[in-house]
Amino acid sequence: MEDRFGRKIDYLRISVTDRCNLRCLYCMPLEGVKPKPRQEILRFEEILTIVHAALRLGINRFRLTGGEPLLRKGIVPFIKSLTLLPGVRDISITTNGILLTRLGEQLKEAGVQRLNISLDTMNPEKYRKITRGGSFHTAWAGITKALELGFSPVKINVIALRNINDGEWADFARLTRGHPLHIRFIELMPVGTSWHLVGKNFASCSQVRSEIEKRLGKLTPVTDMQGSGPAEYFHLPGAEGTIGFIHAMSSHFCASCNRLRLTADGKLRPCLHDRREVDVREAVRSGATGEELQELFHKALQLKPANYHEATGAPVTGRGMAQIGG
Ligand code: SAM
Ligand code: SF4
């Protein structure tokens, strides 16, 4: 499937829940977000019907996210059903890792290979502050478990936060020496609840890279990184893992955008920074045919802007990443 700008769209990020067991300060308001009533959230069978339509359009890679996807009851059997759909090429998960020690093995058996785990600090006290109550040790145990179980690649998403985790950027990079971890620094995006942080806490990937190079020496580019999407990858001499930079706030990122998002309440969202969405939930609930659902995908594609400068903008009080599906 191609959009108006010739970008090949073959990737769908599916938010399976808007609930979360953490309250990261850039993602959720302090008081948390009132979760949508259960009847507004897509049932797993409904997601499978939507995925079926997506597959017919050549969308064959899927990432499960949220909220915290591992919190959703029935996630493992759902993934098993997803892997059985003919044409599914890849299923990955983005998680905060808190439930990985409990569910890692079952996820592996269900057919998940690749995991992205979010971790913004290795300091337990700071972790508690950033996530508003989470346990670093539990998240770290989840990462260790993922490596033990042989998930590959295991990517660690680190939001670059000036004045919060800037003292640890080089420490994260060092982790790639002893572990086959792919550390990815992500620029803070002004979405939903993070607007107030951007002025004080935004750091660009080039700032992160120069800080790392100042401490650890020049990074060598990696060119053959699989499924690299919009990230640029580097490595330290002799390291097992890599260091990636996701310039989330550059148009270069938009030019290679290959995705659509499906929100937990059943809206196709063409762009993170654009408030326009296409409702598929009502269609699927009223028994739309495969062709009718495919039509809605085409409609969403038509709305996909060239880049975030052309997007209608996510309103300041709009859905945060946990609602949209980061
Ligand atoms: N709960 C899971 C997790 O934290 O990995 C999955 C959902 S979370 C919304 C997905 C990713 O979005 C995480 O890596 C998180 O750090 C990132 N994220 C959330 N808000 C963000 C923001 N304002 N800018 C950039 N990334 C953000
Ligand atoms: Fe939850 Fe992930 Fe958002 Fe943190 S980033 S509050 S873990 S959804």
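Ligands are counted one by one from 1 in listed order, and the atoms in each one are counted from 1 as well. Keep in mind the model is a prediction, meaning the values are calculated, not measured.
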Legend entry - Element-labelled atoms of ligand 1 that are located less than 4.0 Å from some non-hydrogen atom of E187: 25 (C)
Legend entry - Close-contact set for ligand 1 against G66 heavy atoms, below 4.0 Å: 7 (C), 9 (C)
Inset, instruction - Name the orientation class of the two ring planes belonging to H182 and Y233 (parallel below 30°, tilted from 30 to 60°, perpendicular beyond 60°). - result: perpendicular
Inset, instruction - Indicate yes or no for a side-chain donor-acceptor contact from D3 to the backbone of G6 under 3.5 Å, with no hydrogens or angles considered. - result: yes
Inset, instruction - Kindly check if the number of other-residue, nucleotide or ligand heavy atoms within 6.0 Å of CZ (R56) is above 12? - result: no
Inset, instruction - State the atoms of ligand 1, each with its element, that fall below the 4.0 Å cut-off from a heavy-atom position in S194. - result: 23 (N)
Legend entry - Atom indices of ligand 1 within 4.0 angstrom of N157 heavy atoms, with elements: 14 (O)
Legend entry - Salt-bridge present (E277, R269; N to O < 4.0 Å): yes
Inset, instruction - Step through the shown structure and confirm whether more than 12 heavy atoms of other residues, nucleotides or ligands are within 6.0 Å of CD on E105. - result: no
Inset, instruction - Check ligand 1 against T65 and write out every atom of the ligand that is under 4.0 Å from a heavy-atom position of the residue. - result: 6 (C), 7 (C)
Inset, instruction - Determine, using heavy atoms of A248 and all atoms of ligand 1, whether some pair is separated by less than 4.0 Å. - result: no
Legend entry - Whether F44 and F78 hold their rings parallel, tilted or perpendicular, with breakpoints at 30° and 60°: parallel
Inset, instruction - Within a distance under 4.0 Å of any heavy atom of G67, pick out the atoms of ligand 1 and give their elements. - result: 1 (N), 2 (C), 6 (C), 7 (C)
Legend entry - R114 side-chain N/O to S92 backbone N/O, donor-acceptor pair under 3.5 Å: no
Legend entry - Carboxylate-amine/guanidinium proximity below 4.0 Å for R281 and D279: no
Legend entry - ligand 1 atoms in contact with Y26 (distance to a heavy atom under 4.0 Å): 16 (O), 18 (N), 19 (C), 20 (N), 21 (C), 23 (N)
Legend entry - Ring center gap for Y11 and F62 short of 6.0 angstrom: no
Legend entry - Any donor-acceptor N/O pair, R174 side chain to R177 backbone, under 3.5 Å: no
Legend entry - Within-2.8 Å protein N/O/S contacts of atom 1 (Fe) of ligand 2: C20 SG
Inset, instruction - Could you list which atoms of ligand 1 come closer than 4.0 Å to a heavy atom of T95? - result: 2 (C), 3 (C), 5 (O)
Legend entry - Parallel, tilted or perpendicular, as decided by the 30° and 60° cut-offs, for the rings of F136 and W140: parallel
Inset, instruction - Report yes if some N/O of M189 lies less than 3.5 Å from some N/O of ligand 1; otherwise report no. - result: yes
Inset, instruction - Quick one: look at I159 and ligand 1, take heavy-atom pairs under 4.0 Å, and tell me if it's side chain, backbone, both or neither. - result: side chain
